[in-house]
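Small disclaimer: the values here were computed from a predicted structure and weren't measured. Reminder, nothing fancy here: chain letters follow the sequence lines and each chain counts from 1.
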Amino acid sequence: MRVQHYRIAGEPVIVRSVETSEDVRAFLDWCRSNHNRPIAFDTETTGLDIYAAGFRVRLVQFGTEREAWVLPVDSAAGLVCAPQAAVREALESLPYLLAHNAKFDALAVAAHLGVDLVSLWRRITDTRILAHLLDPRGPQDPGGIGQGLKPLSARHVDPDAPDTQAGLYAEFRKLGHTKETGWAAIDLDNPLYTLYAGLDVILTARLFAVLGPLVEFAGYGRLSEFEHAVALVCARIEARGFLLDVEYTETLAARLLAEADEWSAVARRFGVSSVNAPAQISAALEGMGENLSETTESGAIKVDKEVLLPLADLDRKWQRIGAREANPLADAVLRAKRASKWATSYADAMLSRRDTRDRIHPDIASLQARTARMSISRPPLQQLPSGDWVIRRAMQAEPGCVVGTVDYQAVELRVLAALSGDVQMTAAIHAGKDLHAFTAELIYGPGFTEYHRKVCKGIGFGKVYGGGPDTLSRQTGAPLDQVKAAIRAYDRAYAGVRRYSKRLQSRAEWGVKEVVTPAGRRLPLDRKRLYAATNYMVQSTARDVLAEALLRLDERGLTEFLRLPVHDEVVFVAPADDAKEIGREIQTAMAVDDFFGVPLTTDLEIGGRTWGSLYGAAA
DNA sequence: ACTTTCACG
DNA sequence: ACGTACGTGAAAGTG
């Protein structure tokens with residue numbers, strides 16, 4: 001057994017690395033004698049892509065505030081002692097486990113060491129969840145530090161705790177590896193590797209010693225349980241994965257890449273060597289006599305889609321307007337950028353993330369944004385183009401099955417009506433009215449047009465988000481004076497909403513700079529952006545509506561059909577013959593009859609074999 | 001590392 | 001004193 005010593009917060013800690021079968025027995029003895037204490041665990045792996053061919057768990061660590069055990073389990077290492085069975089035994093029997101960002105480690109040991117995910121998860125407390133409840137701000141937000149183990153340890157455990165990740169990257173480079181290759185290549189007994197692996201669990205145990213009582217003291221006990229349950233459902237969705245149509249996606253990627261090349265060649269003829277270089281584009285456009293007035297935050301000339309589309313005589317749906325001669329460079333830049341983004345961010349990302357059964361396991365972060373919203377990454381399946389089916393067509397149901405969705409109808413506006421108690425808005429919802437059309441009628445009278453409805457939809461969202469007349473005018477494309485009039489009319493029609501927003505803001509102005517959601521979540525506000533209060537409240541509450549729905553779906557045994565949560569909807573896959581029935585069950589489980597006086601109703605859509613079929617692709 | 005852009009709800 | 005659209009993930013260029 002190798003023993004390494006270190007100091008954390010001025011106290012000596014010890015890291016033991018298992019080398020012999022005798023060490024394995026000593027580890028199991030240690031587990032037994034610490035059975036009743038919370039034990040932090042962690043894994044070191046070959047990479048982040050748990051389901052990729054060649055992925056391996058290399059180390060599994062267990063530890064308390066003072067002591068860590070590091071066990072090598074890498075199947076490719078030809079180990080003298082094989083502690084896999086002991087690791088499994090520990091993971092299956094220790095009653096009280098801790099982990100930071102537990103989902104990753106739990107999925108890794110479930111997929112590669114044969115540990116049962118559900119029974120393991122029931123015994124885990126995730127310190128990242130605790131940290132998010134206590135402060136959901138990201139590292140970029142004013143006053144925020146994020147939920148990383150490093151910044152949390154620095155704040156709550158030891159300001160001089162080592163940055164183990166950065167330290168390892170430096171070691172990788174020294175050994176001739178890179179950030180990416182180092183994780184798989186570093187020797188299992190590299191002293192820095194084992195030391196840092198051990199320190200991570202010691203830090204997690206110490207972090208819990210601080211955050212655990214804070215969570216209880218803040219009254220977050222139930223919310224914490226709720227979040228752990230939601231995280232498990234999301235982890236199971238992730239583990240199941242979503243089937244990729246590889247042949248289609250490969251053809252699509254090649255086609256998009258060729259398209260990007262063609263349009264890049266056109267841009268090159270106008271002196272733009274890269275369509276991703278804004279300075280080149282603005283210089284070339286100005287050389288062609290175009291007048292560019294919009295600037296970015298840092299003062300550079302803006303050449304985003306909003307600027308380029310009018311120059312190319314295209315509307316927001318890329319239809320020819322006929323107002324001017326299309327600028328061929330603007331047109332080429334737009335098309336090249338779209339094609340290459342779709343190729344790299346979506347098609348290639350999907351292909352590179354598939355497992356041996358052609359399934360995609362995106363990283364579902366069930367508790368991510370400041371508002372607790374979920375995020376999905378690698379690949380970003382919540383952000384696929386919705387105006388065109390070609391990308392979504394890549395994801396498909398298993399043979400004999402179809403893809404469907406259930407989404408909430410105008411959930412953010414309904415949540416706003418519920419929270420504000422606005423009488424008029426609540427009544428309109430109860431009457432089953434189209435809220436945006438109803439608003440249009442209130443403002444423009446019974447003769448309102450489809451255009452008026454659109455303006456009102458924009459204003460409705462803009463109000464929720466706290467936008468002013470200028471932004472709303474730009475966003476909706478409606479003239480400023482009309483928007484201003486509509487805002488006035490909106491405030492008159494929905495006086496309760498206006499009162500509610502004002503109340504949230506003035507409370508924050510004079511009292512604590514936060515909003516408290518009905519779920520009991522305390523969301524800090526940036527002092528310069530108190531107007532975001534209503535948005536945080538509504539967005540966060542809508543998120544919790546979906547999160548609670550996921551738990552109801554799980555209770556009813558419907559998790560196996562789920563493929564993705566997408567903010568206000570779930571994507572599911574079911575056998576074609578049962579899809580309607582299963583879809584209805586999902587609808588029923590998600591619907592809320594009385595959410596603070598407002599019904600939250602759902603829409604069901606059943607498509608064909610692919611996700612794209614719900615966006616216009618042939619079934 | 002930072003900026004810019006673009007995809008979604 | 002004033003008015004501010006919110007929340008994400010990802011790629012690529014620049015320095």
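- As judged by a 4.0 angstrom heavy-atom cut-off over every strand, A/Ile376 is placed among residues touching the sugar-phosphate backbone only.
- Contacts of A/Lys528 with the nucleic acid, taken as non-hydrogen atoms under 4.0 Å apart, include base atoms.
- In A/Lys150, the NZ atom is crowded: over 12 heavy atoms of neighbouring residues, nucleotides or ligands sit closer than 6.0 Å.
- Using a 4.0 Å heavy-atom distance criterion, A/Tyr536 is classed as a sugar-phosphate-only contact.
- For B/dC8, its base never sits under 3.5 Å from the side chain of A/Gln382 at any donor and acceptor pair.
- Not a single donor-acceptor pair, N or O on each side, falls under 3.5 Å between the base of B/dC6 and the side chain of A/Lys305.
- Aromatic ring pairs are classed by plane angle as parallel below 30°, tilted from 30° to 60° and perpendicular above 60°; the pair A/Trp611 and A/Phe242 is tilted.
- Both the sub-6.0 Å distance and the 45° axial angle are satisfied by A/Arg393 relative to the ring of A/Tyr248.
- On a pure distance criterion of 3.5 Å, no polar donor-acceptor pair joins the side chain of A/Arg543 and the base of C/dG7.
- B/dC8 atom P lies 20 Å from atom CD of A/Gln368, rounded to whole Å.
- Note on ring orientation: taking the six-membered ring where Trp is involved, the planes of A/Phe55 and A/Phe104 are perpendicular (angle over 60°, cut-offs 30° and 60°).
- For B/dC2, neither phosphate oxygen OP1 nor OP2 lies less than 4.0 angstrom from any side-chain nitrogen or oxygen of A/Gln140.
- Of the candidates C/dT14, B/dA7, C/dC6, the closest approach to any side-chain atom of A/Tyr346 belongs to B/dA7.
- Contact annotation for A/Val303: backbone-only contact, meaning every heavy-atom pair under 4.0 Å involves sugar-phosphate atoms and none involves a base.
- Side-chain proximity of A/Ala277 to C/dG9, C/dT14, B/dG9: nearest is C/dT14.
- Among the protein residues, A/Arg529 comes within range of the sugar-phosphate backbone only, with heavy atoms under 4.0 Å from sugar or phosphate atoms but none that close to a base.
- When the side-chain nitrogen and oxygen atoms of A/Thr371 are compared with OP1 and OP2 of C/dG7, none of them lie within a distance under 4.0 Å.
- In this model, the phosphate group of B/dA7 is not approached by any side-chain N or O of A/Ser345 to a distance below 4.0 Å at OP1 or OP2.
- Side chains of A/Gln280 and A/Ser274: no donor on one and acceptor on the other come within 3.5 Å.
- As judged by a 4.0 angstrom heavy-atom cut-off over every strand, A/Ser540 is placed among residues making no nucleic acid contact.
- No contact: A/Glu412 has no heavy atom under 4.0 Å from any strand.
- If you check distances only, the side chain of A/Gln383 does reach the base of C/dT8 with a donor-acceptor pair under 3.5 Å.
- Closest to the side chain of A/Tyr531, from the set C/dT4, C/dG7, B/dA7, is C/dT4.
- Among the heavy atoms of the strands lying under 4.0 Å from A/Pro469 are primed sugar atoms or P, OP1, OP2 only; no base atom is included.
- At a threshold of 4.0 angstrom between heavy atoms, the contacts of A/Leu381 with the nucleic acid are absent.
- By the neighbour-count criterion of 12 heavy atoms within 6.0 Å, atom NZ of A/Lys513 is densely surrounded, having more than that number from other residues, nucleotides or ligands.
- At a threshold of 4.0 angstrom between heavy atoms, the contacts of A/Thr344 are confined to the sugar-phosphate backbone, with no base atom among them.
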